[in-house]
Amino acid sequence: MSFNAAMIRHIRRHSTATDTSISISKAKSKLRTEYDPDKALEIYSSVSKDYASTTSSRYAQDLTVRRLVKSHRFSDVENFIESHKNDPKITQEPFMSTLIRSYGLAGMFDHALKTYDQMDELGTPRSAFSFNALLSACINSKLFDKVPQLFDEIPKKYGVVPDEISYGILVKSFCESGNPQKALELVKEAEEKGVEITVITYTTILDGLYRKGKSDEAEKLWNVMDKKGCIDAASYNVRLMFSQDDRPEEVNTLIDEMTKAGYQPNTITYNYLMTSYLKREMVDEAKAVFKGLRENGCNPNAATFRTLVYHLCRNGYFEEAYKIFKQSVRMHKIPDFNTTKHLVEGLVKNEKKKEAKGVSRTVKKKFPPNLLKAWAKVEENLNLTSGEADSVEAEAASA
DNA sequence: TAATCAGTAC
């Protein structure tokens with residue numbers, strides 16, 4: 001089925017509860033594991049809007065847009081987002097902002113701006129909230145130079161007053177343009193205007209400085225943040241990210257410091273520690289970090305699996321990588337195309353063709369349709385197409 | 001409503 005006007009009518013018709021409608025939480029969990037954009041649309045349309053809170057439906061909407069974007073179906077994205085403009089909630093700024101943000105996720109900034117300009121005729125009031133949605137859309141569309149321009153023009157045009165988040169997004173745009181120095185200057189300017197510099201804004205600049213190799217400046221900024229008490233776990237994670245190439249002992253020391261300062265290490269923290277071990281081929285230590293996640297109150301995320309499988313393959317531990325891959329499938333967090341490609345190639349090379357076929361069958365069920373052509377090529381090159389094999393998924397389910 | 005999870009993306 002392809003997305004069309006009938007589907008939009010279907011979505012509208014189901015705006016009240018019917019026996020076919022499902023709860024938003026059920027839709028969210030279904031959407032998380034559904035990569036086919038058409039099926040994602042079906043799930044979205046079956047949600048009863050009566051139960052949908054703004055944040056929940058925004059999440060479901062974002063997921064649906066992401067699935068369509070992954071398949072490069074931009075006209076369907078447009079139809080999908082535009083269909084929401086008939087919703088009576090369109091006069092509510094947060095609802096409208098969701099549409100602007102969604103266009104940004106799709107990289108369709110022109111549409112985001114057009115939608116923002118439309119707010120007058122649709123009767124939606126403007127505050128910093130929708131302005132920030134527009135600036136985020138700009139960042140997500142990777143138009144970093146456009147953010148300062150909008151920051152200058154929009155307040156003049158519409159009388160919107162930028163808030164601390166607007167400044168945070170402007171800071172991000174400078175960092176993304178490779179100019180964290182300019183971001184630091186902006187901090188001064190904002191402070192003079194009495195706009196708060198939040199921990200997220202500081203952390204953004206910290207990351208920007210490290211990325212440009214300005215470790216000295218980053219450390220100076222860290223001291224400023226420390227003095228102000230403007231630090232959280234994510235700030236520590238940025239420091240950890242740039243210490244991944246250090247010795248694992250040093251990474252562990254930094255994590256100790258983090259814990260003593262009262263910040264709970266999270267999954268991302270442990271991902272960095274794991275990577276620091278893997279970069280030195282300390283596979284047992286890395287696996288110990290992975291196994292210890294749960295007792296540290298953390299769950300592996302998609303990056304955990306991707307990193308572990310990727311490095312295990314790079315180091316030639318294909319059977320280990322295969323085991324981890326099976327776990328990732330069970331948790332609906334399977335690694336990306338390239339990592340999985342490394343895995344099947346390594347399995348074939350090591351005469352594990354049956355396992356390779358299992359991975360391949362799973363991939364064909366889980367990857368977005370637009371990647372399947374490229375995957376068919378991988379299969380063909382490895383001669384995996386003949387014969388039958390159970391998918392990893394089926395095997396994992398029966399295990 | 002913004003920040004951190006490998007890297008050109010496929």
Side-chain angles (χ1 to χ4, degrees), chain A residues 54-55 58-59 62 70-72 93-102 104-105 127-140 142 147 162-176 180 183 196-211 225 230-245 258 263 265-276 278-279 293 298-314 333 335-342 367-368 370-378:
Chain A
T54 315
T55 44
R58 190 183 65 220
Y59 183 74
D62 279 2
K70 266 202 172 167
S71 301
H72 300 275
E93 196 182 11
F95 182 83
M96 166 58 93
S97 302
T98 294
L99 308 187
I100 295 170
R101 264 172 36 91
S102 287
L105 279 180
S127 73
F129 196 94
S130 52
F131 176 49
N132 294 342
L134 182 67
L135 295 180
S136 312
C138 212
I139 295 269
N140 285 322
K142 306 213 180 300
V147 176
D163 65 5
E164 70 279 11
I165 293 173
S166 323
Y167 276 89
I169 303 169
L170 183 57
V171 154
K172 171 75 174 166
S173 79
F174 288 139
C175 292
E176 288 282 1
E196 185 200 353
I197 303 301
T198 69
V199 60
I200 294 179
T201 304
Y202 275 123
T203 303
T204 305
I205 304 174
L206 190 71
D207 177 68
L209 288 170
Y210 276 122
R211 263 177 217 283
M225 293 164 70
C230 243
I231 283 172
D232 65 12
S235 329
Y236 266 101
N237 283 345
V238 168
R239 281 180 75 191
L240 283 159
M241 180 185 185
F242 293 95
S243 67
Q244 284 177 97
D245 289 328
M258 175 180 182
Y263 304 103
N266 58 27
T267 304
I268 295 171
T269 313
Y270 293 116
N271 285 354
Y272 290 133
L273 178 61
M274 209 178 65
T275 307
S276 81
L278 289 166
K279 283 193 171 172
L293 277 176
C298 298
N299 288 315
N301 62 17
T304 312
F305 287 113
R306 185 185 60 198
T307 306
L308 195 49
V309 171
Y310 177 81
H311 285 279
L312 286 172
C313 289
R314 272 182 58 124
K333 285 171 180 160
D336 66 345
F337 189 98
N338 228 1
T339 306
T340 316
K341 182 169 168 252
H342 281 308
F367 274 5
N370 63 310
L371 290 182
L372 294 183
K373 217 173 156 187
W375 187 261
K377 203 148 209 171
V378 172

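Every chain is numbered from 1 and lettered A, B, ... according to where its sequence line falls, protein lines coming before strand lines.
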Qualifying residue for side-chain contact (heavy atoms from CB on, under 4.5 Å) with A:Ile205, from A:Ile197, A:Val238, A:Val171: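 Result: among A:Ile197, A:Val238, A:Val171, A:Val171 is the only option passing the side-chain contact (heavy atoms from CB on, under 4.5 Å) with A:Ile205.
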Specify whether A:Tyr236 and A:Tyr263 have parallel, tilted or perpendicular ring planes, treating 30° as the upper limit for parallel and 60° as the lower limit for perpendicular.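 Rings of A:Tyr236 and A:Tyr263: tilted, 30 to 60°.
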Is the ring pair A:His342/A:Tyr310 parallel, tilted or perpendicular, if the boundaries are 30 and 60 degrees?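 Rings of A:His342 and A:Tyr310: perpendicular, as their planes differ by over 60°.
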For [X] and [N], what is the distance between atoms [atom1] and [atom2] respectively, to the nearest whole Å?
{"X": "A:Asp232", "N": "B:dA2", "atom1": "CG", "atom2": "C1'", "result": "12 Å"}
{"X": "A:Ile200", "N": "B:dA2", "atom1": "CD1", "atom2": "C1'", "result": "6 Å"}
{"X": "A:Ile231", "N": "B:dT4", "atom1": "CD1", "atom2": "P", "result": "18 Å"}
{"X": "A:Phe174", "N": "B:dA2", "atom1": "CZ", "atom2": "P", "result": "19 Å"}

Within a strict 4.5 Å, meaning less than it, do heavy atoms of the A:Val147 and A:Phe174 side chains meet?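 Result no, sub-4.5 Å side-chain heavy-atom pair not found.
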Tell me every residue that passes ring pair (Phe, Tyr, Trp, His ring centres under 6.0 Å) with A:Tyr270, counting only those two or more places apart in sequence or in another chain.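 A:Tyr270: no ring pair (Phe, Tyr, Trp, His ring centres under 6.0 Å) contacts found.
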Treat primed atoms plus P, OP1 and OP2 as sugar-phosphate and everything else as base, then score nucleotides 5-10 of chain B 5' to 3': B for base contact with protein heavy atoms under 4.0 Å, S for sugar-phosphate contact only, - for none. BBB-BB
Taking donor-acceptor contacts at under 3.5 Å, does the side chain of A:Ser166 reach the base of B:dA2?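 Check fails, no donor-acceptor contact within cut-off.
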Just checking A:Thr269: base, sugar-phosphate only, or nothing, at a heavy-atom cut-off of under 4.0 Å?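 Answer is nothing: A:Thr269 stays at 4.0 Å or more from every strand.
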Let me know which of A:Asn266, A:Asn271, A:Thr267 forms a side chain to side chain donor-acceptor pair (under 3.5 Å) with A:Asn237.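 Checked A:Asn266, A:Asn271, A:Thr267 against A:Asn237; only one passes side chain to side chain donor-acceptor pair (under 3.5 Å): A:Asn266.
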